[in-house]
Amino acid sequence: MPKRAKVQARTSCAVAVSRRALASANSSVFTPPALATATSCTGHLVAVFPRRRTRATVSPMSSLLETGRSHDCGALRGRDVGASVVLFGWVHRRRDLGALIFITLRDRFGITQVVFDPDLAGPVQALAATLRGEFCVAVEGTVVSRGSNINPQMPTGEIEVQARSLEVFSSADPLPFNVADDAELDASEANRLKYRYLDLRRPSLQRNFVLRSRLATLTRITLADMGFLELETPYMVKYTPGGARNFLVPSRLNPGQFYALAESPQIFKQLFMVAGMDKYFQICRCFRDEDLRNDRQPEFTQIDVEISYATPARVQAPIEALIRRSWKDILDVELPAEFPRLTWAEAMARYGSDKPDIRFGLEFVDLTDLVRESGFRMFTDAAHIKALCVPAEHAEPLTRGRIEKLTELVKKRESGGAKGLAWARIGEGGTWSSPLTKNLSPEIMAAISERAGARPGSVLLIVADNFHVTHQALGTLRLELRDSLDLVAKAGLPPWQFLWVTDFPLFEKTDKGYVSSHHPFTSPRADHIALLDTDPAQVLAQAYDLVLNGNEIGGGSIRIHRSDVQAKVFATLGLDEAQIQQKFGFLLEAFRYGPPPHGGIALGLDRISMLMAGATSLRDVIAFPKTQRGTDLMTGCPSGADDEQLAELFIGHRGLPTEGS
RNA sequence: GGGGUGGUAGUUAAGUCGGUUAUAACGCCGGCCUGUCACGUCGGAGGUCGCGGGUUCGAGUCCCGUCCGCCCCGCCA
């Protein structure tokens with residue numbers, strides 16, 4: 001309250017000063033004082049130093065808003081010197097040298113310096129002196145060369161605008177954090193979210209959203225050019241438990257019943273295929289009531305695609321084209337003509353991940369057959385014995401102490417829970433320095449070194465356990481070494497490494513039986529359909545993920561269009577006929593009426609934007625994101641609803657924590 | 001549900017072993033300054049140390065609880 005009053009005082013003082021300045025000026029030079037009044041017809045503060053006009057019909061009363069801007073704040077260059085311009089924008093910085101005042105004016109296109117020269121601008125000067133950071137203003141003036149004072153750091157640094165008139169659209173309270181100091185982020189995450197509209201003014205975030213917008217536009221252009229139809233699916237859909245938790249929306253017209261917010265348009269896009277839409281896409285919001293992460297928000301945006309008569313290649317080709325075009329147009333990066341493909345089994349065997357980062361080597365070396373008969377208990381008991389061989393040129397930092405830390409890492413439950421980490425440092429002449437020397441014969445050690453390509457100075461890191469533990473532990477270790485040894489930069493590969501991972505298992509076995517790895521509409525490989533009856537765990541899916549630098553940015557599959565196959569999959573998942581009919585009856589019914597074979601994919605628009613922008617959090621590419629607890633600090637959402645509305649929806653509180661409990 | 005980490009002026013941070021008036025930078029307010037560009041310079045104001053309780057002669061600091069931000073595991077078909 002006092003703060004606001006202060007600002008208003010400052011502002012009205014400015015009016016008085018500028019009036020005084022106007023009154024004291026040589027009136028013969030000015031148009032009548034009434035024309036140079038301090039408030040424009042639109043109610044904005046304005047100070048005008050009238051130009052000598054050839055046509056008296058131009059009314060100086062007209063606001064600069066009416067005039068409109070002639071350029072954005074990133075447009076002017078040396079070639080524009082002499083031009084008369086109108087700029088709108090925010091006061092980025094002010095440098096008040098007393099008589100001479102510099103203002104940098106910012107909009108989303110750039111920053112331009114404005115100079116208020118008392119010798120030339122007269123009464124405008126007094127108003128200019130009242131400007132503060134983030135005032136929203138209009139400036140009218142002449143583009144002049146900066147002469148010997150050019151600023152090579154700014155695209156507009158050759159020139160500046162010599163102000164003739166200034167109009168303050170609105171003043172600004174001192175900001176809760178600095179918008180102009182963008183390079184060094186000077187705000188806490190909480191404040192950034194509370195004042196998101198200010199955070200979004202920062203040039204770096206503006207760049208992210210320009211990029212995101214271009215990506216969305218390119219998606220529409222590229223896919224539409226290829227004959228895809230942009231179609232919409234409902235957000236309010238039938239609640240089907242299983243999979244991600246749904247947000248529920250109570251139905252007033254159907255008391256006690258709920259819609260679910262769609263966690264994906266999956267079923268509807270398949271029905272589009274049944275409907276003959278052939279090639280569909282949508283830039284679509286999805287909602288999942290799961291815990292948040294740095295790269296997971298409860299609502300996020302997918303580029304959703306489905307095509308009829310699909311094969312994996314026919315889905316992947318247009319996606320590759322879209323990605324290639326986006327990287328070319330937005331980042332000016334040429335991507336390879338075809339992205340490499342790895343089966344899931346290969347990806348796991350070589351990288352211990354279904355989304356491997358292939359920007360650096362450090363692939364797993366399988367030692368199982370070499371050490372199985374070694375007689376060493378640790379190895380004879382393990383189904384999978386694999387190693388990472390850190391090349392000599394990168395291995396120097398791996399001291400005993402560092403290896404000790406890595407051992408603790410792989411023992412953690414979340415990194416696989418390995419029982420330990422065996423290691424060996426290769427010395428001159430190939431001799432091992434390792435706790436294993438007393439357990440392994442020289443022949444076996446030599447054979448391991450040879451297979452791993454170990455040379456003097458190399459370090460071997462070995463995990464022996466079951467499939468899951470060995471691969472997860474070494475996969476975690478591989479990424480840790482990537483970061484701590486800076487392996488990506490040292491590898492020197494192109495910075496964008498795309499990869500298709502294919503042939504995922506159709507099911508995962510859990511305590512409660514089989515669950516879909518992808519979703520229950522994913523088609524098994526044609527040659528694996530028979531296995532559905534005999535060994536579901538072995539069935540591979542016609543599913544594919546698109547991976548970029550170790551991040552899953554999309555996933556899709558060929559769908560089941562045969563009701564007999566769909567029935568077998570449902571049965572394997574343990575659904576009985578009643579459940580199937582209740583959840584998916586309408587889909588199976590649709591499949592009775594001539595469904596085309598079909599398949600598709602969904603790409604994560606947020607994640608792709610994040611990676612393209614070089615951002616480290618999904619929040620930096622989502623305009624109004626939620627906190628990790630799923631709240632919006634700016635609006636205070638979620639919130640309670642009033643009793644009247646709750647009664648209308650037949651909703652009461654049950655088991656809600658009460659105050660003080 | 002679990003693990004980690006943080007919360008001190010408008011903002012970002014420092015604050016030692018528990019001890020004098022809680023410190024700095026930026027921002028804000030006032031003065032000076034006609035070529036700055038993170039302008040400079042002189043001065044000033046500004047604090048519920050997240051909140052509640054406890055230990056103590058004395059708590060920003062130690063203990064217990066709680067709220068909130070962030071990171072991770074589980075979870076995300």
Side-chain angles (χ1 to χ4, degrees), chain A residues 2-3 6-7 9-10 92-104 111-121 125 132-134 144 146-154 156-157 160 162 172-195 198 240-246 263-264 266-267 286-298 300 412-417 476 504 506-508 510 514-522 541 543 552 555 557 569 573 575 583 604 616-617 619 626-629 631 633 660-661:
Chain A
K3 217 183 294 168
K6 229 186 294 175
V7 170
R10 193 168 68 206
H92 188 65
R93 280 182 217 283
R94 71 189 171 101
R95 293 182 279 273
D96 184 345
L97 275 56
L100 195 61
I101 299 171
F102 294 97
I103 293 292
T104 47
I111 297 174
T112 300
Q113 176 163 284
V114 177
V115 58
F116 295 90
D117 187 331
D119 300 337
L120 297 162
Q125 209 67 11
R132 293 296 181 273
E134 301 305 311
V144 297
R146 289 212 214 170
S148 58
N149 295 314
I150 64 164
N151 183 344
Q153 254 85 58
M154 310 174 67
T156 61
E160 63 195 356
Q162 195 139 44
D173 286 357
L175 264 56
F177 52 84
N178 195 336
V179 170
D181 271 338
D182 196 32
E184 208 171 313
L185 189 53
D186 192 23
S188 66
E189 200 70 30
N191 265 331
R192 292 181 55 196
L193 292 173
K194 181 170 178 189
Y195 301 97
L198 297 178
T240 52
R245 264 189 285 267
N246 290 111
E263 62 195 58
S264 102
Q266 182 61 37
I267 291 175
C286 300
F287 305 87
R288 295 181 188 176
D289 187 9
E290 296 294 343
D291 285 8
L292 283 74
R293 285 283 189 284
N294 189 29
D295 61 351
R296 267 168 24 196
Q297 282 276 317
F300 60 96
K412 281 189 189 167
R413 194 166 50 87
E414 61 264 31
S415 33
T476 303
F504 284 76
L506 189 61
F507 303 108
E508 273 169 50
T510 70
Y514 291 105
V515 298
S516 293
S517 307
H518 192 42
H519 57 58
F521 319 111
T522 304
E552 179 194 334
S557 63
V569 168
L573 294 171
L575 296 176
K583 285 184 176 182
T616 52
S617 166
R619 289 187 298 274
K626 304 285 191 287
T627 69
Q628 193 153 49
R629 287 173 54 82
T631 66
L633 295 178
S661 74

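Per chain, numbering begins at 1; letters A, B, ... match sequence-line order. Hydrogens, waters and symmetry mates play no part in the numbers below; they use all other heavy atoms, side chains included.
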Residues Arg245(A), Glu290(A): salt bridge by 4.0 Å N-O rule:
yes

Interatomic distance at [atom1], [N] relative to [M], whole Å:
| N | M | atom1 | value |
| --- | --- | --- | --- |
| rU23(B) | rG44(B) | P | 14 Å |
| rA45(B) | rU5(B) | P | 39 Å |
| rG27(B) | rU41(B) | P | 12 Å |
| rC39(B) | rC28(B) | P | 11 Å |
| rG19(B) | rC63(B) | P | 15 Å |
| rC76(B) | rG4(B) | P | 24 Å |
| rG18(B) | rG74(B) | C1' | 40 Å |
| rG46(B) | rC26(B) | C1' | 14 Å |

Does the base of [N] carry an N or O that pairs as donor and acceptor with the side chain of [X] under 3.5 Å?
| X | N | result |
| --- | --- | --- |
| Arg296(A) | rC75(B) | yes |
| Glu160(A) | rG35(B) | yes |
| Asp117(A) | rG35(B) | no |
| Asp119(A) | rU34(B) | yes |

At under 4.0 Å, does any side-chain N or O of [X] touch on OP1 or OP2 of [N]?
| X | N | result |
| --- | --- | --- |
| Arg93(A) | rC26(B) | no |
| Arg132(A) | rC29(B) | yes |
| Ser188(A) | rC70(B) | no |
| Asn191(A) | rU12(B) | yes |

Check the distance between [N]'s [atom2] and [X]'s [atom1] and give it to me in whole angstrom.
| X | N | atom1 | atom2 | value |
| --- | --- | --- | --- | --- |
| Gln628(A) | rG69(B) | CD | C1' | 9 Å |
| Lys626(A) | rC70(B) | NZ | C1' | 18 Å |
| Arg146(A) | rU34(B) | CZ | C1' | 16 Å |
| Asn246(A) | rC76(B) | CG | C1' | 12 Å |
| Arg629(A) | rC71(B) | CZ | P | 14 Å |
| Glu189(A) | rG50(B) | CD | P | 20 Å |
| Asn294(A) | rC76(B) | CG | P | 19 Å |
| Phe116(A) | rC37(B) | CZ | P | 18 Å |

Checking side chain to side chain contact (heavy atoms under 4.5 Å, CB included) for the pair Met154(A)/Arg146(A): CA distance, chi angles, key distance, verdict?
CA-CA 12 Å; Met154(A) 310 174 67; Arg146(A) 289 212 214 170; 3.5 Å; yes

Who is the Watson-Crick or G-U wobble partner of [N], with both distances under 3.5 Å?
| N | answer |
| --- | --- |
| rC57(B) | rG19(B) |
| rC70(B) | rG4(B) |
| rG10(B) | rC26(B) |
| rA38(B) | none |

Between Asn246(A) and Glu263(A), a side-chain donor and acceptor under 3.5 Å:
yes

Any side-chain donor paired with an acceptor under 3.5 Å for Gln628(A) and Arg619(A)?
no

May I ask you to say what [X] touches in the nucleic acid, namely base, sugar-phosphate or nothing, with a heavy-atom cut-off under 4.0 Å?
| X | value |
| --- | --- |
| Ser148(A) | nothing |
| Pro520(A) | base |
| Thr104(A) | nothing |
| Leu573(A) | nothing |

Given that Thr627(A) and Arg245(A) both sit by RNA chain B, which one's nearest nucleotide is further toward the 5' end?
Thr627(A)

Heavy-atom nearest nucleotide on RNA chain B taken for Thr631(A) and for Arg293(A); more 5' hit belongs to Thr631(A)

In terms of heavy-atom contacts, Phe507(A) and Ser517(A) come closest through C-OG, 3.4 Å

Minimum heavy-atom separation for Ala180(A) and Arg93(A), please, with both atom names.
O-NH2, 3.5 Å

For the OG1 atom of Thr522(A) and the CD atom of Gln266(A), what is their distance to the nearest 0.5 Å?
7.0 Å

Exam field: side chain Gln125(A) to backbone Ala99(A), donor-acceptor pair closer than 3.5 Å:
yes

Of all of residues 95-103 of chain A, which get a heavy atom below 4.0 angstrom from RNA chain B, listed by number?
Arg95(A), Asp96(A), Leu97(A), Gly98(A), Ala99(A), Leu100(A), Phe102(A)

Any non-hydrogen side-chain atom of Asp96(A) less than 4.5 Å from a side-chain atom of Phe102(A)?
no

Report yes if the side chains of Lys583(A) and Leu575(A) come closer than 4.5 Å at any heavy-atom pair, otherwise no.
yes

